[in-house]
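First the structure, in the form of structure tokens, and then the observations on it.
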Amino acid sequence: MSSADSPADPTNAERRRARRADARRKRRTVRRRAMGLSILVSFMMLVGKVVAAQVTGSAAIFSDAAESVVHLFATGFASFSLWYASTPPDSSHPYGHGKAAYFASAVEGVLILVAAVGIVWTSVNDLLTGGDLQRLGVGLYLLGGLTLVNMGLGWYLVRTGRRTNSIVLVSNGQHVLTDMWTSLGVIGGVGLVWLTGIVWLDPVVALLVAANILWTAYGLIRRSIYGLMDKADRDATQQILDVLASAKGEGVIVDFHQVRHRRTGDEVWIEYHLMFPGDMTIDAAHDRSHRVEDAVDRLFPDDDVHVTAHLEPKKHDAAHPDHHFEPADPLRDVFVDLRGTD
């Protein structure tokens with residue numbers, strides 16, 4: 001934070017905005033390329049696993065193929081949501097369409113959940129009636145090759161999603177990695193059946209696969225709910241409050257309250273009320289407010305930051321009419337907890 005007498009630097013802010021606009025375009029290109037690759041590989045996985053299941057008659061391999069069917073539909077929906085989430089704000093959605101990404105992640109989690117239920121049904125039926133296994137070696141080699149491809153794709157999607165702040169890509173990548181671990185479990189279980197001839201191991205492995213898929217579905221749905229409910233990130237909360245506290249300590253502002261923030265993909269929305277001496281001109285208060293905004297903006301160098309500041313006089317209560325209603329200020333308590341002072 002600069003001293004109270006130095007003006008805000010609009011040139012630096014404009015340069016940051018230009019850099020971020022260019023970075024945003026590049027991120028969107030990278031995201032589209034990654035999702036296109038995911039769709040292509042998902043189709044290849046589905047075809048390969050269906051062939052392996054038909055060749056072997058294995059319930060475990062069938063469970064892996066069933067999960068791939070769901071994954072292909074989920075990837076298609078994720079691709080649509082990735083495009084829709086990046087469309088600009090309009091009169092019906094002034095905050096943009098970024099929440100679609102969390103919805104897509106939730107849908108993917110629900111679809112994984114449905115796949116797990118189907119796997120459990122098939123596995124229990126095979127445990128009760130017995131299966132007819134054949135040509136396990138061919139199926140294992142085919143599934144092994146597909147698993148290596150999935151490992152590379154999952155790592156690429158998660159890494160790209162985290163680098164570009166895309167929950168859609170991260171969720172899709174984690175789904176792919178779940179598919180990879182599922183396949184590895186199937187390979188191990190079917191391999192044991194192949195070596196030992198113990199047929200009931202096949203549906204048991206399928207049930208273990210279903211349990212792993214259920215855990216992944218839970219994680220995706222939980223994270224989507226957090227995003228849709230605007231759960232605040234604790235680290236971001238502390239960073240924003242630290243900047244505001246620093247501005248207060250240096251005399252740039254008299255005080256602050258009503259701090260709120262939320263994230264949607266690579267966009268961060270921040271609101272706060274800043275207090276200034278009652279005799280300060282609006283021009284001077286506005287200039288200081290922009291310097292605080294500039295400091296807050298620098299906290300998120302890779303994101304589009306939208307700051308809304310409400311300027312108030314120091315004698316806050318006296319300035320408001322009797323009928324004024326002040327909303328809850330939940331982060332004020334967090335600030336007191338972090339600093340031990342008001």
Side-chain angles (χ1 to χ4, degrees), residues 27 30-53 60-83 85 100-119 140 142-189 205-206 208-224 227 265:
R27 286 197 297 267
V30 170
R31 290 169 182 167
R32 286 195 295 267
R33 186 185 304 124
M35 189 54 70
L37 179 63
S38 180
I39 291 175
L40 179 63
V41 174
S42 295
F43 182 75
M44 183 181 74
M45 290 292 118
L46 174 59
V47 172
K49 290 179 181 180
V50 167
V51 170
I61 295 180
F62 170 77
S63 71
D64 204 4
E67 202 276 336
S68 291
V69 173
V70 173
H71 180 63
L72 181 60
F73 280 102
T75 300
F77 184 78
S79 179
F80 166 77
S81 70
L82 189 67
W83 164 79
Y102 297 110
F103 180 67
S105 180
V107 168
E108 189 153 6
V110 171
L111 289 175
I112 295 174
L113 188 66
V114 171
V117 172
I119 293 168
L140 286 173
L142 180 57
L143 193 57
L146 295 173
T147 300
L148 289 176
V149 174
N150 253 356
M151 179 174 65
L153 175 66
W155 175 83
Y156 168 70
L157 290 173
V158 171
R159 180 175 178 272
T160 302
R162 287 175 178 167
R163 183 162 52 88
T164 62
N165 285 325
S166 172
I167 187 176
V168 174
L169 284 181
V170 171
S171 298
N172 194 242
Q174 289 181 338
H175 194 166
V176 171
L177 290 176
T178 298
D179 195 23
M180 179 205 73
W181 287 111
T182 298
S183 298
L184 285 176
V186 169
I187 289 171
V205 169
L208 293 175
V209 166
N212 180 56
I213 293 174
L214 285 170
W215 179 253
T216 300
Y218 165 73
L220 288 175
I221 294 171
R222 181 184 63 176
R223 184 171 53 189
S224 301

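The chain is numbered in sequence order, starting from 1.
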CG-CG distance between L157 and L177, expressed to the nearest 0.5 angstrom: 8.0 Å
Smallest separation among heavy atoms of I221 and A106, with atom names: CG1-O, 4.1 Å
Closest approach of T164 to L169 (non-hydrogen atoms, all atoms of both residues): OG1-CD1, 4.2 Å
With sequence neighbours excluded, residues passing ring pair (Phe, Tyr, Trp, His ring centres under 6.0 Å) with W215: Y218
Going by atom type alone, with no hydrogens or angles, which donor-acceptor pairs under 3.5 Å involve a side-chain atom of residues 39-48 and a protein atom two or more places apart or on another chain?
{"unit_1": "S42", "atom_1": "OG", "unit_2": "S38", "atom_2": "O", "d": "2.7"}
{"unit_1": "S42", "atom_1": "OG", "unit_2": "H71", "atom_2": "NE2", "d": "3.2"}

Partners passing side chain to side chain donor-acceptor pair (under 3.5 Å) against S183 (at least two apart in sequence or in another chain): K49, D64
Contact list for residues 146-163, test side chain to side chain donor-acceptor pair (under 3.5 Å), sequence neighbours left out: N150-D179
